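If you're wondering where the values come from, they're calculated on a predicted model, not measured in any experiment. Throughout, numbering of the chain's residues begins at 1 and tracks the sequence.
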Amino acid sequence: MAKTGKAGGTGKWAHSAGAMALAAAIALAALAACGTSDGQATTATATTQAAGQTAEQGAGQTAAAEQAQQGQQAESGEAGSEAAGAEATSAAGQAQQAQQPAATPETAGDSSELPDWTGKQLTLRVWNGHGTGDTQRFKSSDDVLSPEIKRLFGIALDAENSFDNGGQDLAAKLAVLAATNDFPEIGYNVVNDDLIAGNKVYDLTELIPLHCPNIYAFMQKHSSRTLEKGYNGTGRHYTVYMNVGNDADSIRAIYPDADMQRYSNIAAPGDTLGGLTHLSVRDDIIKLMYPEAKTQKEIEDLYVKNGAFSREEVYDIPLRSRQDVIDFFYAMKQAIDENGITENGRPVYPMSVFQGQDNWALLAWLRNMMDGKCSFNYFTYFDVPTQSIQLGFKQDWFKEDVRLFNQFVRDGVAPESCLIENNEIFNSKLNNGEYATGYSYAQPDLSQQAAAGKPWAFRKVYFDIPQDTSATMPQRNEIKGWDQLTIFKDKVAEEDLPQILSWLDFMYTEAGQKLAAWGPKTAGLWQEEGGARVFTDKELEANMVYNVENGANVKYNLASSRYDNAWPLNYPTMYIGFQGGGLFAPRYAYDLSQGERSPGGANTVFSTGVFEPQKLPRDVIVTSADIWSFTNEIDDIKRFWDVRGTGFEPLLTKCLAARTDAEFESAYAAMLDFAEQNGLTDEAVKACEDLMKEKYAEDWATYLAGY
């Protein structure tokens, strides 16, 4: 990979002349294959020129080396002389060696082997466009990654001036930024038609093969349809895909020779109902409800003793139906009330029905788990019985579930006050145990309870409910980054694109993955022993290898070996590269089959996927029947989605707050009317289905074929 600081300039990493010429040839071939429309002429032209300059530089360097050798031979007067030949060869070799560093991003075993960046310094602000905003802000006290990224690429992330949607939805935040033209340098999950039509973001189609060769090669192999499809089926790419999952199925596909028994220390097979389909519940309250159930310590002791769990041990709490789950929460309230359980004088409730942002965790996750419906959200979905696209929140069974959770609030299973809490207040109460249950992505920070010396711990609780394939379908996806990064034209000069793209691409290399999970060698956190890495920082080893929740990964800004962790944890949060370091994660590097097992490894193995893996369709689905697949292609869907966060979701939350049945019916009717008035009509849903059938026929056929 040739690295350039300015278009046509010399970067800090340059391959040999032949390699540079080859890289240019590959880039030009990719460019020709992709084609260039008039709308992308500026970027395409600059890319072509840069590639041409690289090729010319490579050819010039090769010619110079040949001339140097010929000149030395001529000066000796003896072209065939061994001495002259040796001297010329040595001079040419030294010249070539001077051009080529000892290691490149693709060949380095560690980032410390790579030289310092000597070009332009960039400071990047980040706009995280997911949801309405997240008040959780990790700050590393001893960050070892950010300084290394700055050393290698001259790039620093500006935490103070980065931002999220700040309580607004994406469209509202975009309108504010457009009005002031105050866009940041990069955006995370922000791209849409308005930004593209307004010429605010770079078209990266030709630049990705040139400056992100590792990402491009990965997508060619593992997500070729996504690569071919591009944005809205245009074949153009305005984003770079980030954040590759490290679930067991993905790792097996990416690394066919991986030792999956060893990798099970990081990720067991996906749970029966998919990812994050367990409750986290205070074990002291569970013990009051089910005296025979295990505490977290008992789970850990079993793991240390046996290294695995039986089905009966995982499902030690009998939650085998929707009604069982309802009874479970009411029994928890009874146990709390009868035993006068409080936390630092504050009341304790079985759960919250709101997480400070929207209703997604409750109604697109918990309610699904209660009856085995996988991959369902309350907007558009593929309905198996009718073989059509339907609206979830218009289904009678969904309305009854909302009514159920409203009853939870009326009966004090969840407090009415939770419905007006922001994300920060919710997390504080959850981590303090004032909410006895966490679910979906709204999980407690286990290290906080340990640090506070709580006499209880959160433990996993699974629903022993079979996956229901009769109504909804999960989907099998191509392996690609889940999130997408966009670069803004007004704030980043075109000549600086290679610098940013090369940084992103580096996180896909072995050296980049190791950096995310271990830190650079120069940080002194690890050393080589017998050809394997071993942490010298025992606090970090406990966290990264033995799953002790002590916050050490946050301290150093490292991606721990957990299923859902990636770098950077430090704010501004963007997950870049392979979660947990992929196959280079510490828990895979350590031989955990030898010696005594650590209690911290219990939660990874305590999983339902070992017994009943999730059922998935035979083929991958690139464009799903989910509503976000249509927001950039169907005007009415976009119109609704633009006000979903600030209009629809608050009305849905109001249904949960109703104090009488009449109030509930009125609130639900107002929510339905809002959706209808803002574009989410039966006609719009039919347009989604027609688009799937006509434009994304291969995905539609996969839905129809089923399992």
Review point. Nearest heavy-atom pair of P444 and G438: which atoms, and what distance?
Key: CD-CA, 4.4 Å

Review point. When you check the gap from the basic side-chain N to the acidic O, do R533 and D110 get nearer than 4.0 Å?
Key: yes

Exercise for review: Answer yes or no: is there an ion pair linking K200 with D490, defined by an N-O contact shorter than 4.0 Å?
Suggested key: yes

**Study point:** Residues W127 and N165: side-chain donor-acceptor under 3.5 angstrom
**Key:** yes

Review point. Hey, is the main chain of F606 close enough, under 3.5 Å, to the side chain of Y462 for a donor-acceptor pair?
Key: yes

**Study point:** D164 versus K173, closest heavy-atom pair with distance
**Key:** O-CE, 3.5 Å

Practice item. Step through it carefully: locate the ring centre of Y238, locate the ring centre of Y202, and say whether they are under 6.0 Å apart. Key: no

Practice item. Measure the CG-CG distance between N377 and L363 for me, rounded to the nearest 0.5 Å. Key: 11.0 Å

Check your understanding: Are any side-chain N or O atoms of Y441 and backbone N or O atoms of A361, one a donor and one an acceptor, separated by less than 3.5 Å?
Key -> yes

Practice item. Evaluate side-chain hydrogen bond (donor to acceptor under 3.5 Å, both in side chains) for D158 paired with T123, printing each intermediate quantity in order. Key: CA-CA 6 Å; D158 182 356; T123 299; over 6 Å; no

**Study point:** Ring centers of F648, F379 separated by less than 6.0 Å
**Key:** yes

Point to revise | Minimum side-chain heavy-atom gap L558-L145 below 4.5 Å | key: yes

Practice item. Mark yes or no for whether S624, through its side chain, and D626, through its backbone, hold a donor-acceptor pair below 3.5 Å. Key: yes

Practice item. Tell me yes or no: between the side chains of E541 and N543, is some donor less than 3.5 Å from an acceptor? Key: no

**Study point:** Check: D496 side chain, V492 main-chain N or O, donor-acceptor pair, under 3.5 Å
**Key:** no

Exercise for review: Compute whether any side-chain donor of one residue and acceptor of the other, for D483 and Y241, lie under 3.5 angstrom apart.
Suggested key: no

Practice item. Return the minimal non-hydrogen interatomic distance between Q121 and K150, and the atom names on each side. Key: OE1-CE, 3.6 Å

Point to revise | Residue K460 excluded, over 12 heavy atoms near NZ under 6.0 Å | key: yes

Check your understanding: Is the NZ or CZ atom of K229 both under 6.0 Å from the centre of the six-membered ring of Y696 and within 45° of that ring's axis?
Key -> yes

Exercise for review: For residues V190 and F488, determine if any side-chain heavy atom of one lies less than 4.5 Å from a side-chain heavy atom of the other.
Suggested key: yes

Review point. Is there a donor-acceptor pair under 3.5 Å between the side chain of N189 and the backbone N or O of Q484?
Key: yes

**Study point:** E228, CD atom: more than 12 neighbouring heavy atoms under 6.0 Å
**Key:** no

Review point. Do T509 and E106 meet the criterion of a side-chain donor-acceptor pair at a distance under 3.5 Å?
Key: no

Practice item. Go through the steps for N423 and Q355 under the test side-chain hydrogen bond (donor to acceptor under 3.5 Å, both in side chains), then give the verdict. Key: CA-CA 6 Å; N423 187 258; Q355 289 72 44; over 6 Å; no

Point to revise | Flag, side chain of S111 to backbone of P520, donor-acceptor distance under 3.5 Å | key: no

**Study point:** salt bridge (charged side-chain N to carboxylate O under 4.0 Å, His left out) contacts in which one or both residues fall within residues 508-519, not counting sequence neighbours
**Key:** E510-K514

Practice item. Starting at CG of L124, measure out to CD of Q499 and round the result to the nearest 0.5 Å. Key: 8.5 Å

Review point. Please walk me through it: do D619 and R476 pass salt bridge (charged side-chain N to carboxylate O under 4.0 Å, His left out)?
Key: CA-CA 6 Å; D619 298 318; R476 186 188 301 277; over 6 Å; no

**Study point:** Over all atoms of both residues, closest heavy-atom pair of A253 and H222
**Key:** O-CE1, 3.6 Å

Review point. Are L174 and L195 side-chain neighbours, meaning at least one heavy-atom pair lies under 4.5 Å?
Key: yes

Exercise for review: Would you mind telling me which of T486, I215, D505, I500 makes a side chain to side chain contact (heavy atoms under 4.5 Å, CB included) with V240?
Suggested key: I215

Review point. So Y231 and D193, side-chain hydrogen bond (donor to acceptor under 3.5 Å, both in side chains) or not? Walk me through it.
Key: CA-CA 10 Å; Y231 181 79; D193 274 354; 2.8 Å; yes

Practice item. Determine yes or no for a side-chain-to-main-chain donor-acceptor pair under 3.5 angstrom, with N553 supplying the side chain and A559 the backbone. Key: no

Review point. Between R252 and D247, does a salt bridge (charged side-chain N to carboxylate O under 4.0 Å, His left out) hold up when you go through it step by step?
Key: CA-CA 9 Å; R252 184 185 291 110; D247 58 279; over 6 Å; no

Review point. Ignoring hydrogens and geometry, is there a side-chain-to-backbone donor-acceptor pair from H211 to L497 under 3.5 Å?
Key: no

Practice item. Applying side-chain hydrogen bond (donor to acceptor under 3.5 Å, both in side chains), run through D271 and S607 and close with a yes or a no. Key: CA-CA 6 Å; D271 287 325; S607 167; 2.7 Å; yes

Review point. Excluding sequence neighbours, so at least two apart, what forms ring-ring contact (aromatic ring centres under 6.0 Å, His included) with F584?
Key: none

Check your understanding: Salt bridge or not for R236 and E206, using N-O below 4.0 Å?
Key -> yes

Check your understanding: With the threshold set at 4.0 Å, does a side-chain nitrogen-carboxylate oxygen contact exist between D642 and K638?
Key -> yes

**Study point:** Gap between atom CE of M507 and atom SG of C212 - 0.5 Å precision
**Key:** 13.0 Å

Output side-chain donor-acceptor pairs under 3.5 Å for residues 272-279, partner residues at least two apart or in another chain, one line each.
residue : atom : partner : partner atom : Å
T272    : OG1  : T608    : OG1          : 3.3
T272    : OG1  : E612    : O            : 2.6
T277    : OG1  : G274    : O            : 2.7

Check your understanding: So, for F426 and S352, which heavy atoms are closest and what is the spacing to 0.1 Å?
Key -> CE1-CB, 3.9 Å

Check your understanding: What distance separates L446 CG from F458 CZ, expressed to the nearest 0.5 Å?
Key -> 8.0 Å

Practice item. Please check if the side chain of S280 supplies one atom and the backbone of Q443 the other of a donor-acceptor pair under 3.5 Å. Key: no

Point to revise | Test: E649 and R644 ion pair at under 4.0 Å | key: yes

Point to revise | Distance-only polar pair, side chains of D143 and Y556, donor-acceptor under 3.5 Å | key: no

Exercise for review: Establish, for the pair R151 and W117, whether the NZ or CZ atom is under 6.0 angstrom from the six-membered ring centre and no further than 45 degrees off its axis.
Suggested key: no

Exercise for review: Answer yes when K489 and D203 have at least one side-chain N-carboxylate O distance shorter than 4.0 Å, and no when they do not.
Suggested key: no

**Study point:** Salt bridge flag under 4.0 Å for residues E113 and K521
**Key:** no

Check your understanding: Checking N232 side chain against T234 main chain: does a donor-acceptor pair fall under 3.5 Å?
Key -> no

Review point. Distance from Q475 atom CD to L616 atom CG, nearest 0.5 Å?
Key: 9.5 Å

Practice item. Under the salt bridge (charged side-chain N to carboxylate O under 4.0 Å, His left out) rule, what do E185 and R125 come out as? Steps first, then yes or no, please. Key: CA-CA 5 Å; E185 284 72 28; R125 295 170 299 153; 3.2 Å; yes

Point to revise | Smallest separation among heavy atoms of T380 and I627, with atom names | key: OG1-N, 2.7 Å

Check your understanding: Say you draw a straight line from CZ of R262 to CG of L592; how long is it, rounded to the nearest 0.5 Å?
Key -> 7.5 Å

